[in-house]
Engineer: 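Handing you this structure, nothing more for now.
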2 protein chains.
Amino acid sequence: MTPAVQAMTLDQLRLLVCVAEEGSFSAAGRRLNRAQSAVSYGISNLERLLGIQLFDRSGRRPVLTETGRGLLADAQQVLDAVGRMDARAQGAAGGLELEVNVAVDAICPPALIIALGKAFQERFSTVSLRLHSEVLAGIAGLVLDGTCRLGISGPVGSEGDGLERRFLAHLPMVPVASTGHALAGHPGPIPRARVRSEVQIVISQRAGATRSGDHGVLSATTWRVADAATKLALIRAGLGWGTLPLDLVREDLDQGRLTHLVLDHWGTDPLMAPLFAIMRADSPPGPAGRWLLAHLESMCQSCPELVAANEAED
Amino acid sequence: MTPAVQAMTLDQLRLLVCVAEEGSFSAAGRRLNRAQSAVSYGISNLERLLGIQLFDRSGRRPVLTETGRGLLADAQQVLDAVGRMDARAQGAAGGLELEVNVAVDAICPPALIIALGKAFQERFSTVSLRLHSEVLAGIAGLVLDGTCRLGISGPVGSEGDGLERRFLAHLPMVPVASTGHALAGHPGPIPRARVRSEVQIVISQRAGATRSGDHGVLSATTWRVADAATKLALIRAGLGWGTLPLDLVREDLDQGRLTHLVLDHWGTDPLMAPLFAIMRADSPPGPAGRWLLAHLESMCQSCPELVAANEAED
DNA sequence: GTCATCTATCACCTGAGCTGATAGGAGTCA
DNA sequence: TGACTCCTATCAGCTCAGGTGATAGATGAC
């Protein structure tokens, strides 16, 4: 650590900025309610510490040196950082969280999360938002172990585990396969027995998770993957079929890379997966987290297109 | 400005960080060569200023509060900014520039500039590099008016204007037209008269620039554009023909969107445009700028592929 | 030349923050 | 449980960084 770092003072930096803005030591003194000598003293102290002449005093009023102009920018950055810290502290003193951690299921439509984050940052500029992407019971895990106070989860878990659930929306899920896949060419509804003989790609959990339910598993052979992106990649590659949120496969369906499978016994309605907000009953989120939750609920109600992209598909 | 901002001290932030690292006030005092009471005093001062309890003192040793942990990160950021400022001041005190401004001709291969900037930032982490993109005599203008101490310019300007020139490399230039253009289908070398009747896209200057020479203007009708990107776009769109650096049109040539025109009177060799480094003789660049120049020269000599992409084209 | 206004520097003073001592609390170990 | 260790809070006392106000010299406007 160099000596300058040890001794430099925020006050000196504020002095530097103020003098640069006012264009004179005296004016800066007036604005800061300090004697002109104090300003002069402070600036020369800073110059001595940095080993650099910040102002050219040859004229009537001091004018920033070339290096002075450069270091002024650095001083501004330091003061900005201090200002941010102060704003955050101010918020925290008023009971606001400094960061909100949200566990988000990979099934969740990205558009929803993006809109949510945007609104949040606009409303709470001093609160950092941290998103943890997980799948299935992993969401509940992150909320239960305290990593996240809020989770956005698909339909897993049961009552009585200390979690409070709030229904958000229904996500349309569609069974799909690569257009080159055997099931894709099947004319009309595909009977259960036919599906059973094909490989199904299923999102699954590592060991140690809450029982993951296995709803919708039809095939005898399943491949388990840890996240939605991998599942989509495998299905795209034609390695099997599987159910994915409509939102995630819309583009692939439109461009013909994937085909929407019509399964015999599921009826014609798209499968709807419920999306829940979850939190621990004994440690509810703070003000910013509650605002986030409320905004999420209102968004799900008022803007269904965020949840299900365009509704024109079947 | 809130009161906390006014009174907060860098020393207090360093204290906070040190206590968090050491895990105890006493240990922090030992490391900082200060009495334990000073540390205790400083921390409680900071807490009072922020209106926040940073440490939980109920146990044997103080442990960071949740908000304390959040604000610790802010403190780190502030100290980082201070460290950067100090490093830059240190450099400036040793005669190093705080920023280097370079005027770069749009004709210049991006790969060269990228490699140059990368090497520069690695060598001078405290010096900001600012690139000003211009064309033709605009480069000399930026150097002459003092905005940039260094310029990388194509072949414009004359001697006796107070600029020092150093040859860097020859850039292969190729006359091209969109594949759908009338000239593109011409069998064998295209005679001058035939070229003359087509629109030529030429990079040109706004008023007030040094005379821009107009070398290589063959057609009777010319369209003038201000930058290479627009020129490329117009040629791609089939609005005319023009000469561009091989590097810039390589991909378009490979993919058949553009065609390399063989002009009768230019011979078979590719037209070579010289690239110069220019600077004012009376205000040479500082140490970092000189290093940049030297590195540029050595790169041009030792790595011709940076200047001319692959040489396999004709 | 006159004048207004700037900066540098001095003497002087005040208080923020340091030291060292002390009291009390929290863990640890026999 | 008691002894011991290591921690923190708090106090009195001191010191010097940084404040004030006055003054001298410089600079530019008129």
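Below, chain A is the first sequence line, B the second, and so on; all start at residue 1. Just so you know, these numbers come straight off a predicted model, no measurement behind them.
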Engineer: Mapping A:Arg57 and A:Gln12 to their closest nucleotides on DNA chain D, which lands nearer the 5' end?
Structural biologist: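 Comparing both residues, the 5'-ward one is A:Gln12.
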Engineer: Any chance you could measure A:Ser24, atom OG, to A:Arg30, atom CZ, to the nearest 0.5 Å?
Structural biologist: 5.5 Å
Engineer: Using a cut-off of strictly less than 4.0 Å between a heavy atom of the residue and any atom of DNA chain C, enumerate the qualifying residues of residues 58-65 of chain A by number.
Structural biologist: A:Arg60, A:Pro62
Engineer: Enumerate the residue pairs fulfilling ring-ring contact (aromatic ring centres under 6.0 Å, His included) with a member in residues 31-69 of chain B, sequence neighbours excluded, ordered by first and then second residue.
Structural biologist: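 Checked against ring-ring contact (aromatic ring centres under 6.0 Å, His included) - neighbours excluded - the pairs reaching residues 31-69 of chain B are B:Phe25-B:Phe55.
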Engineer: Roughly how many Å is it from CD in A:Gln53 to C1' in C:dA8, rounded to a whole number?
Structural biologist: 13 Å
Engineer: Which value, rounded to the nearest 0.5 Å, describes the distance between A:Glu21 atom CD and A:Leu16 atom CG?
Structural biologist: 10.0 Å
Engineer: In terms of relative ring orientation, are A:Trp291 and A:His295 parallel, tilted or perpendicular, with 30° and 60° separating the classes?
Structural biologist: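 Ring orientation, 0 to 90° scale: parallel.
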Engineer: Do any of residues 26-48 of chain B sit with a heavy atom less than 4.0 Å from DNA chain C, and if so which?
Structural biologist: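 Correct list: B:Asn33, B:Arg34, B:Ala35, B:Ser37, B:Ala38, B:Tyr41, B:Asn45.
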Engineer: To the nearest Å, give me how far apart CG (B:Leu49) and P (C:dA16) are.
Structural biologist: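 Result: 12 Å.
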Engineer: Look at atom CZ of A:Arg31 and say whether more than 12 heavy atoms of other residues, nucleotides or ligands are closer to it than 6.0 Å.
Structural biologist: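 Result for CZ/A:Arg31: enclosed.
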Engineer: Looking only at heavy atoms, which two atoms of A:Gly42 and A:Leu15 are closest? And how far apart?
Structural biologist: CA-CD2, 3.7 Å
Engineer: Do we see a donor-acceptor contact under 3.5 Å between the side chains of B:Ser58 and B:Asp56?
Structural biologist: yes
Engineer: Please list all pairs meeting ring-ring contact (aromatic ring centres under 6.0 Å, His included) that have one or both residues in residues 77-99 of chain A, counting only residues at least two apart or in different chains.
Structural biologist: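 Listed once each, the pairs would be none.
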Engineer: Quick test of your reading: applying ring-ring contact (aromatic ring centres under 6.0 Å, His included), list the pairs with at least one residue in residues 65-105 of chain B, sequence neighbours left out, ordered by first then second residue.
Structural biologist: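 As it turns out, there is no ring-ring contact (aromatic ring centres under 6.0 Å, His included) pair with a partner in residues 65-105 of chain B once direct neighbours are skipped.
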Engineer: So with a 6.0 Å cut-off around CD of B:Glu66, is the heavy-atom count from everything else above 12?
Structural biologist: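 No - once you tally the heavy atoms of other residues, nucleotides and ligands closer than 6.0 Å, there are 12 at most.
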Engineer: At a heavy-atom distance below 4.0 Å, which nucleotide of DNA chain D is the first touched by chain A, and which is the last?
Structural biologist: D:dG18 to D:dG28
